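Notes follow once the structure below has been shown.
Throughout, a chain's letter reflects where its sequence line sits, starting with A, and its residues are numbered from 1. Computed from a prediction, not measured in an experiment: that's the story for all the values here.
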Protein chains: 2
Amino acid sequence: MTTNRRKPAGRPATLPDVAREAGVSRSTASRALAGYGSVSPDARERVRAAAEKLGYRANQLARSMITGRTHTLGAIVADIQNPFFAGVTRGITDAARAAGYQVLLANTDEDVAAERAAVKMLRDKHVDGLIVAPAATTETAHLAAAHAAGCPVVLLDRQAPGLPADSVTVDNHGAAQDAVRRLLAAGHRRIALVSLLGTAPVDGAGAASSDPVSTGLERIEGYRTALREAGLTDTDTYLRTGTFHREDPADLTAELLSLPEPPTAVFATDSMIALGVLSAARDHGLRVPEHLSVVTFDDTDWARAVRPRISVVAQPVQELGARAVHSLITRIEGTAHAPEHIVLDTEFIERESIAPPRSGT
Amino acid sequence: MTTNRRKPAGRPATLPDVAREAGVSRSTASRALAGYGSVSPDARERVRAAAEKLGYRANQLARSMITGRTHTLGAIVADIQNPFFAGVTRGITDAARAAGYQVLLANTDEDVAAERAAVKMLRDKHVDGLIVAPAATTETAHLAAAHAAGCPVVLLDRQAPGLPADSVTVDNHGAAQDAVRRLLAAGHRRIALVSLLGTAPVDGAGAASSDPVSTGLERIEGYRTALREAGLTDTDTYLRTGTFHREDPADLTAELLSLPEPPTAVFATDSMIALGVLSAARDHGLRVPEHLSVVTFDDTDWARAVRPRISVVAQPVQELGARAVHSLITRIEGTAHAPEHIVLDTEFIERESIAPPRSGT
DNA sequence: GCCGGCATTGAGAACGTTCTCACTCGCGGT
DNA sequence: ACCGCGAGTGAGAACGTTCTCAATGCCGGC
């Protein structure tokens with residue numbers, strides 16, 4: 001009974017199949033389905049019916065060959081497991097899908113070489129544009145090249161000075177300054193900052209990382225500004241920065257807490273560092289906020305569920321991703337215009353992790 | 001001085017450009033670069049040099065048109081912001097990249113319609129295969145269709161009975177049973193389970209969700225088995241299941257804690273539910289583990305940083321993703337074979353969130 | 001000297017679309 | 001009766017590869 005072998009399809013129906021079924025040419029079928037040019041109502045309906053009957057779905061690869069558009073965006077982030085980037089990625093995929101785009105995802109682990117490789121692969125696949133949280137501020141030749149070659153780039157969360165690309169960030173300096181001010185207002189004077197910056201230097205050269213990312217640096221500057229405002233000139237005594245995959249924030253904190261005059265408050269530059277801080281505090285038998293006040297960037301789900309609930313600088317993570325997508329798509333579909341730098345607002349969420357310092361300073 | 005306008009390239013170099021530069025035909029250039037057929041050492045070298053000089057990169061779209069392979073995998077998960085899926089996605093992207101594949105990502109929010117739409121888009125883009133954490137157990141026609149049409153599917157974290165697809169899961173029943181046994185061993189008798197299952201039913205029909213996912217069900221069965229083992233026949237008194245986006249795990253827990261005879265221990269079926277449980281416990285002025293013992297699936301970063309540290313059933317999240325990729329790629333590249341069902345081991349990590357119940361049962 | 005075989009090569013088709021162009025109608029205006 | 005025009009249509013090129021196939025040249029064996 002299955003002798004009729006038209007529809008069952010060994011291979012999926014193509015445009016010629018639809019055209020044949022509808023009794024028109026490929027051109028007319030294409031016009032009818034894509035809705036351009038002019039097609040008689042009759043032909044249009046016959047094509048529609050034929051397409052439906054055969055279960056026709058246009059091959060996007062072939063279409064992309066012609067149009068030069070893949071309707072695919074590349075997203076290059078440091079680590080999807082970091083709640084910040086998870087949220088950002090969520091924002092990206094949702095906004096992209098709403099706009100009719102798909103997202104090709106790549107992790108870099110803050111490694112510039114991995115980022116370069118990712119850009120290469122994504123461009124080979126002809127993504128229409130790139131959303132990148134760059135691993136380094138200065139080594140951005142691959143991004144500049146992509147941009148120049150007509151594959152627009154929008155920077156996410158981080159700036160890259162020389163690059164004529166759009167960017168979507170928050171006011172890290174201001175937000176950090178504000179957070180530290182709150183600690184100062186509670187009476188703290190010995191306020192630490194714990195952060196992780198950049199990747200391990202390639203040459204065994206040095207102490208600091210070779211090329212830290214802008215975000216961390218701005219937060220540190222905000223911290224320093226707040227301290228100076230309060231008349232504290234020695235802004236780096238309690239400043240601890242480590243390197244990704246090398247230092248553990250918990251160790252950095254442990255060292256701080258073992259100081260003769262340990263800090264009474266800690267400012268963590270992201271949620272994963274805050275976890276290390278909390279862990280170290282516990283190991284030292286310190287209670288938050290009685291013995292140690294804690295503030296961190298990023299309002300993760302656990303920050304409002306743990307005891308005490310943690311006061312945080314909340315970033316609009318999903319919106320960050322969504323705005324990046326919109327910037328990118330306007331640039332893809334629109335005309336050339338000067339790079340725009342979108343700066344979104346953060347929100348300080350006061351909870352229970354800040355208290356006045358125990359005894360006097 | 002820039003009159004020579006060969007290399008500067010208005011458009012990227014194509015194979016004909018390379019062939020011309022090397023003084024050979026397209027065919028030879030293609031053979032030299034792809035490394036098949038036979039090419040003289042001389043020609044091979046000239047082509048290589050020409051390609052390098054022009055900065056030639058093969059257009060993967062065009063290649064895919066011919067070969068029928070895109071070297072792209074589709075990953076369809078419920079919610080990338082859930083740490084479990086974030087970890088799984090990390091495993092997927094890493095394993096895929098190592099194998100020379102890219103990953104197209106889609107979120108479903110546990111919504112079958114969204115899943116269907118995602119499958120459609122991804123197949124239009126001609127992904128070589130699909131990794132899916134299906135939102136429903138029975139509504140899998142779109143997955144079966146993809147599989148039958150030569151777009152292999154591997155199920156991740158969840159089973160779908162009728163589907164002849166590979167799967168990678170953990171032993172949810174056993175792991176849940178083991179976790180509840182630990183609570184029983186600590187002396188608990190009133191042990192609750194809090195879970196979220198399926199999506200809201202489309203018709204306003206009913207109490208329970210229409211088509212819950214296998215994972216949650218298996219965990220519930222494991223819980224029941226453990227209780228029955230211990231001679232507790234009434235296994236559903238403290239069983240609370242809600243619906244995604246409708247019920248809040250914290251509310252479910254709050255209701256349990258307000259019971260005349262409240263549970264002395266709670267088993268959460270994933271980390272986001274555990275957060276709700278913890279939150280509700282805090283709101284009721286209950287301390288963990290003194291007043292309430294807590295165990296959960298998923299070893300997230302915060303579980304070992306908060307006080308008390310939470311005992312968990314750790315799933316090998318990254319490996320789950322990596323194994324799914326490997327299964328999928330062997331099926332893509334290999335010959336047809338019977339569906340294989342990989343079951344990975346979980347590990348119970350004992351920490352500080354379990355204590356004997358306060359007074360008597 | 002002839003023939004079989006192998007290495008090397010290039011012409012051209014194919015993949016499934018979109019797009020440009022030229023052609024044929026039918027109709028209304030002059 | 002003729003022209004112009006617009007709607008509708010189809011032929012064919014184009015996108016940038018891979019792949020099939022036939023042709024060429026060279027070599028050694030007989």
For the side chain of A58(A), starting at C-beta, report the closest nucleotide among dT17(C), dT17(D), dG10(C).
dT17(C)
Closest to the side chain of R63(B), out of dT20(C), dT17(D), dT17(C), is dT17(D)
With no angle test and no hydrogens, is the base of dA7(D) tied to the side chain of S40(A) by a donor-acceptor pair under 3.5 Å?
no
Taking CD1 from I66(A) and P from dG16(D), how many angstroms apart are they, rounded to a whole number?
9 Å
Result of checking T89(A), T93(A), I76(A), I92(A) against L105(A) for side chain to side chain contact (heavy atoms under 4.5 Å, CB included)
T89(A)
Measure from OH on Y36(A) to C1' on dC21(C) and round the result to the nearest Å.
12 Å
Would you say S30(A) reaches dT17(C)'s phosphate, i.e. side-chain N/O to OP1/OP2 under 4.0 Å?
no
From CG of N59(A) across to P of dA14(C) the rounded distance in Å is 17 Å
Within the distance-only criterion (no hydrogens, no angle test), does the side chain of T169(A) pair as donor or acceptor with the backbone N or O of R158(A) below 3.5 angstrom?
no
Is any side-chain nitrogen or oxygen of T67(A) closer than 4.0 Å to OP1 or OP2 of dT18(C)?
no
Look at the side chain of V39(B) and decide which nucleotide, out of dT9(C), dT18(D), dG10(D), has an atom nearest to it.
dT9(C)
Between S27(A) and P41(A), which has a closest nucleotide on DNA chain D that is more 5'?
P41(A)
Between dA14(C) atom P and M65(B) atom CE, what is the distance in whole Å?
14 Å
Write down the distance between CZ (R11(B)) and P (dA14(D)), rounded to a whole number of angstrom.
13 Å
In whole angstrom, give the distance that lies between atom CG of D42(B) and atom P of dA7(C).
18 Å
